[in-house]
Amino acid sequence: MGLALLLVIWLITLIGSYFIIAKTWWLPVGASAAAAGIDHHFTTTFILMGAVFIAAQLALGWFSWKYRDRGAGSGPAQYSHGSTKLEMVWTILTMILFIGLNLASESIWATERFETAKPGAVQVEVTGMQFAWYFRYPGPDGKFGATKPELEDASLGGAGALGLDPTDPAAKDDVITGTMVVPVNREIEVILRSHDVIHSFFVPAMRFKQDAVPGLAIHMHFTPIETGEFEIACAELCGLGHYKMHGIVKVVSDEEFSQWLAAREAEKQ
Amino acid sequence: MVSHDSHAHAAPQGFIRKYIFSLDHKVIGLQYFFLALVAVFAGIFLSLLMRIHLVWPTASLPFFGEIKPETYLSLLTMHGTIMVFFVLTTAPQGGFGNYFLPIQLGAPDMAFPVLNMLSFWTTFLGFLVLVAAFFVTGGAPLHGWTGYAPLSALPSAGPGEGLGADLWIISIAIFCIGALMGALNFITTTLDMRAKGMTLMRMPLTCWAWFVTAILGLLAFGVLLSAGILLLMDRNLGTSFFVPLVTVNGVLTGHKGGSPLLWQHLFWFFGHPEVYIAILPAMGLCSQLLSVFSRKPIFGYRAMVYAILAIGFLGFMVWGHHMFMSGMSPYTAFAFSIMTMGIGVPSAIKTFNWLGTLWGGKIRFSSPMLFAIGFVSLFVVGGISGPFLAQPVLDIYLHETYFVIAHFHLIMGVASIFGIFAATYYWFPKMFGRMMNEPLAKTHFWLTFVGAYAIFMPMHYYGMAGGLRRYSQGTEVGWIHKLAPIQQFITFAAFITIASQFIFVFNLFWSMKKGEKAADNPWEATTLEWTTATPPPHDNFGGITPVVHNGPYEYSVPGAPRDFVMQTDAPVAARH
Ligand code: HEM
Ligand SMILES: [Cu+2]
Ligand SMILES: [Cu+2]
């Protein structure tokens, strides 16, 4: 039985670790400025925690076999209540490992979340509602127009869905789309809102996730560094259509972005 | 210490007083156990339907017919709620704790037998109310076991959010009341009812675990109860604790000024301690079993006690790690993440001590021991993913993916269920006077152990690749759609693992009638339950009051006549 435990535990450990080391299923290629640092920290954590995982499982299998009851002829079990010294050693070692690992990643967290977007960042307001995302650009005046809940009507799409107030001059040039278009290598300031329940704006390639909470306007930022189309999915249970609340971030060159935005504004005239 | 006589009561006559409205902690323990058994099969059944739907979305299923996205979410909500409350909180604490805490402490019953009876029947009522949610118009709620507001607060937010959601909240509120009564009883019993010589530091680690679990319950369930009441008020009385000004489908809801994050804070202030409520009894029991079946004293008894206390204490300071992406201040996230990594330390200490207990032992592979060793393996793999999730930088990506599902199922779901299985195989002889069938038990172990890994290991990969939880279909999102083969594999693994649970049920009921007659101390263990008759008499010790001379884990003491010294035997000069 001890041998069976050893074999099964070791085999599970081997197979389990194989798929991680082989990266059979892995994060998508990173496409934002933060991705490299985050991925690097992923790897560090995998190496350290993986070592602990493998060591503990190997020891568990090994001890189960080595210290099996070998029958009457063999000596008694060791009579020991433990060792305070060992206890201190592994307490301190794990403390250093866990806290150290954590502190090593906090500078990335600080850049992503303590710091706000720099002046000159491209502003996009992202609004979630059951079960769609809307994106709004402030237009040439750089100001988002007022919205009013009582004006909301999703069947009108765009401005109607957001409840944009036509009497507000700042609202006149606002551009509202169903696809998020952003320029590459520029910082994007995302302002997250929700009309109804909590949604979560998740773009795996950007290593970006943030809940959109009704009643709050949450300011976040990220910098795409690759052009292309990247999928968005909702990551917070928001109702029956949660699984299909997805969208696209289209990252284009700076010129393309300006042209695209100008064309959208022209359409409004 | 209070005189024991004040708690003794005469053995009841008549079926109803003896088995239904019993005051005997042993009967109540069994009632909790069987409630959890019914609940776990209900929960498993729901998960089976979910697994089938994920792989064959158009299949028509028993009771539910064709599964719509909202039905899937109802299954998910009820699965989680049943498992967390009526299985993982009910069996280890209400069931085995009730049965064995008084006996292991040398007490004739719980401190408050009537309260004990009430707490069981309250819990039972809570279960009925929860199940009723399936049968009302709109069906069961779809807001998940965490019930985030405003989704859970607005009847218009989705099917199931009407009466079904009210019943869900009421059920949880009732459960909280039962759990609070239970917690008071456990705490008082541990502090006041210990036999002569049973000092705190001679208590088995199981008792420590039940004691600290009860303290966590007392502090956590009160908060959940209040949160539940506020949520009910938001839903039915027009208050706005958790709901700001929102529209659903463009229609104003009439609420104003509430905070959705407040619900999350209150919920997780309960929710994180709750995960320890589910696991601590299993930790205590497995510590016990590793010592019994290695024929060795537990490695670092004091360290184990301090670790349990540290986990209980720190457990109340880490709830924000569920909210890194919620819009909570990023500075708070920093603090919560440091505290969370801190709580990993006592968990790691326990793992080291378990390995240290095996080291140099003389291991007997009886079925309870297999489950205890399996528990350690599962606890390690589940514990390893914790430090990923505890770092906000990594949680940005991992939050709400299947990686979280893998983490908590392994460490809280399967590990505590292994604790429940281990407890059943270990204490069955004492509870029913017969042994369970060993070959069946071992078959059950191997299938469940390998099966659990086959189900939950791949969920890490699914989550690493970005697969999101609470998705009734992965077809709509490109990167999730590609991961479908993993879901298929998991569903097949679940079929086999679930099927093998019938071996356990068969063994359980068959052995009650046909099992080999058990001796009073079949495992040659040292704690007080093994000093009394099998099954124990109404007052537990047949009129004798046990006197304790030894610690709980005196195995292989040099010079002792047997390889175990019972707690009531003449004192050994323990080294520590
Ligand atoms: C090393 C120790 C542990 C650490 C560092 C840790 C960390 C975490 C973190 C940070 C999360 C949140 C992940 C997210 O939602 O993004 C989480 C989720 C969870 N953990 Fe742990 N954990 C540990 C041990 C445990 C234990 C012992 C249990 C239960 C016995 C447990 C049960 C859970 C549950 C149930 C959830 C998910 C709840 C949900 O969202 O439905 N964890 N853990
Ligand atoms: Cu959603
Ligand atoms: Cu937690």
Drop me the distance from A/Arg68's CZ to B/Leu358's CG, to the nearest 0.5 angstrom. 14.0 Å
Picking from A/Thr13, A/Val213, A/Asp69, A/Thr24, which has the most non-hydrogen pairs under 4.5 angstrom with chain B? A/Asp69
Is it the case that the side chain of B/Tyr461 and the backbone of A/Gly16 share a donor-acceptor pair, with hydrogens and angles ignored and the cut-off at 3.5 Å? yes
With a 4.5 Å cut-off on heavy-atom pairs, point out which of B/Thr401, B/Thr357, B/Leu370 contacts chain A the most. B/Leu370
With side chains defined as the heavy atoms from C-beta onward, is the minimum distance between A/Asp196 and B/Thr253 less than 4.5 Å? no
Against chain B, label A/Ile15 side chain, backbone, both or neither, depending on which of its atoms sit under 4.5 Å from a heavy atom there. backbone
Counting heavy-atom pairs under 4.5 angstrom with chain B, the leader among A/Asp153, A/Thr91, A/Ile218 is A/Thr91
Top contributor to chain A contacts, counting heavy-atom pairs under 4.5 Å, from B/Pro260, B/Pro392, B/Ala348: B/Pro392
Is A/Phe42 close to B/Met464 at the side-chain level, that is, under 4.5 Å between some pair of heavy atoms? yes
Quick one: are A/Glu231 and B/Trp479 in side-chain contact, heavy atoms under 4.5 Å? yes
Do you know which of B/Gly478, B/Gly466, B/Gly144, B/Gly158 has the most heavy-atom pairs with chain A at a distance under 4.5 angstrom? B/Gly478
Expected output: side-chain A/Glu150 to main-chain B/Leu252 donor-acceptor under 3.5 Å: no
Any side-chain to backbone donor/acceptor pair from A/Glu87 onto B/Ala303? Under 3.5 Å, distance only. no
Max heavy-atom pair count under 4.5 Å with chain B, selected residue of A/Ala235, A/Ser200, A/Ser155, A/Gly215: A/Ala235
What is the distance from atom SG of A/Cys234 to atom CD of B/Glu400, rounded to the nearest 0.5 Å? 9.0 Å
Contact origin within B/His143 toward chain A - heavy atom pairs under 4.5 Å: backbone
Atom group of A/Ala110 that falls short of 4.5 Å from chain B, counting heavy atoms: neither
Look at the side chain of A/Gln130 and the backbone N and O of B/Ala157, then say whether any donor-acceptor pair between them is shorter than 3.5 Å. yes
Quick check against the 3.5 Å criterion: does A/Lys244 have a side-chain atom that pairs as donor or acceptor with the backbone of B/Thr475? no
May I ask you to test the A/Ile12-B/Val381 pair for a side-chain heavy-atom distance under 4.5 Å? no
Structural part of B/Pro244 lying under 4.5 Å from a heavy atom of chain A: side chain
Heavy-atom closest pair, residues B/Pro387 and A/Phe98: CG-CZ, 4.2 Å
Please classify the contact between B/Leu468 and chain A as side chain, backbone, both or neither, with a heavy-atom cut-off of under 4.5 Å. side chain
Counting heavy-atom pairs under 4.5 Å with chain A, the top scorer among B/Phe388, B/Tyr553, B/Tyr148, B/Tyr555 is B/Phe388
Closest approach of A/Tyr79 to B/Ser556 (non-hydrogen atoms, all atoms of both residues): CB-O, 3.3 Å
Could you walk me through whether A/His195 and B/Val246 pass the side-chain contact (heavy atoms from CB on, under 4.5 Å) check? CA-CA 6 Å; A/His195 279 182; B/Val246 293; over 6 Å; no
Rounded at 0.5 Å granularity, tell me how far CG in A/Leu101 sits from CD in B/Gln391. 4.0 Å
Answer with side chain, backbone, both or neither: which region of A/Phe46 has an atom nearer than 4.5 Å to a non-hydrogen atom of chain B? both
Under 4.5 Å from any heavy atom of chain A - which part of B/Ser329: neither
Heavy atoms, side chains only, cut-off 4.5 Å: are B/Phe365 and A/Leu5 in contact? yes
Strictly under 6.0 Å, is that where the ring centroids of A/Trp25 and B/Tyr462 end up? no
Please look at B/Lys442 and chain A and tell me whether the side chain, the backbone, both or neither of the residue comes under 4.5 angstrom of a heavy atom of that chain. side chain
A/Met49, part contacting chain B, at a heavy-atom distance under 4.5 Å: both
Heavy-atom pair count under 4.5 Å with chain A, highest-scoring of B/Ile396, B/Val345, B/Leu245, B/Val380: B/Ile396
Short question: side chain of A/Asn102, backbone of B/Ser337 - any donor-acceptor pair under 3.5 Å? yes
Using a cut-off of under 4.5 Å for heavy-atom pairs, which of A/Gln210, A/Arg70, A/Met95, A/Met206 has the most such pairs with chain B? A/Gln210
Quick one: closest heavy-atom pair of A/Trp109 and B/Phe334, and the distance? NE1-N, 4.4 Å
Got a second to check how far A/Tyr243's OH is from B/Ile480's CD1, nearest 0.5 Å? 12.5 Å
So what's closer than 4.5 Å to chain B heavy atoms on A/His41: side chain, backbone, both or neither? both
Note: B/Leu142 and A/Leu237 closest approach over all heavy atoms is O-CD2, 3.3 Å
Roughly how far, to the nearest 0.5 Å, is CD of A/Gln78 from CZ of B/Arg295? 15.5 Å
With side-chain contact (heavy atoms from CB on, under 4.5 Å) as the criterion, how do A/Met129 and B/Thr247 come out once you've worked through the C-alpha distance, each side chain's angles and the decisive distance to 0.1 Å? CA-CA 9 Å; A/Met129 64 190 75; B/Thr247 53; over 6 Å; no
Which atoms of B/Phe445 approach chain A - backbone, side chain, both or neither, heavy atom under 4.5 Å: side chain
I need the residue from A/Ser105, A/Pro76, A/Ala59 with the largest number of non-hydrogen atom pairs under 4.5 Å to chain B. A/Ser105
Looking only at heavy atoms, which two atoms of B/Tyr397 and A/Lys209 are closest? And how far apart? O-NZ, 2.7 Å
Pairwise side-chain contact, B/Val393 with A/Glu112, heavy-atom cut-off 4.5 Å (strictly under): no
Can you find a pair of side-chain heavy atoms, one from B/Phe299 and one from A/Leu86, that are under 4.5 Å apart? yes
Here the pair of heavy atoms bringing A/Asp211 nearest to B/Ser326 is OD2-CA, 3.5 Å
With a 4.5 angstrom heavy-atom cut-off, could you sort out which part of A/Ala154 is near chain B: side chain, backbone, both or neither? neither
B/Trp354 versus chain A, the contacting section by heavy-atom distance below 4.5 Å: neither
Test A/Thr94 against B/Phe352 for side-chain contact (heavy atoms from CB on, under 4.5 Å), laying out the working first. CA-CA 11 Å; A/Thr94 24; B/Phe352 285 124; 4.1 Å; yes
At a 4.5 Å cut-off on heavy atoms, which part of B/Leu73 comes close to chain A: side chain, backbone, both, or neither? side chain
Between B/Glu476, B/Arg364, B/Lys362, which residue shows the highest count of heavy-atom pairs closer than 4.5 Å to chain A? B/Lys362
Heavy-atom pairs under 4.5 Å with chain B, option from A/Trp90, A/Trp62, A/Trp26 with the top count: A/Trp90
Quick one: what part of B/Ala307 sits under 4.5 Å from any heavy atom of chain A, side chain, backbone, both or neither? neither
Donor + acceptor pair across side chains of A/His242, B/Glu70 (<3.5 Å): no
Counting C-beta onward and ignoring hydrogens, is there a side-chain heavy-atom pair between A/Ile198 and B/Pro150 closer than 4.5 Å? yes
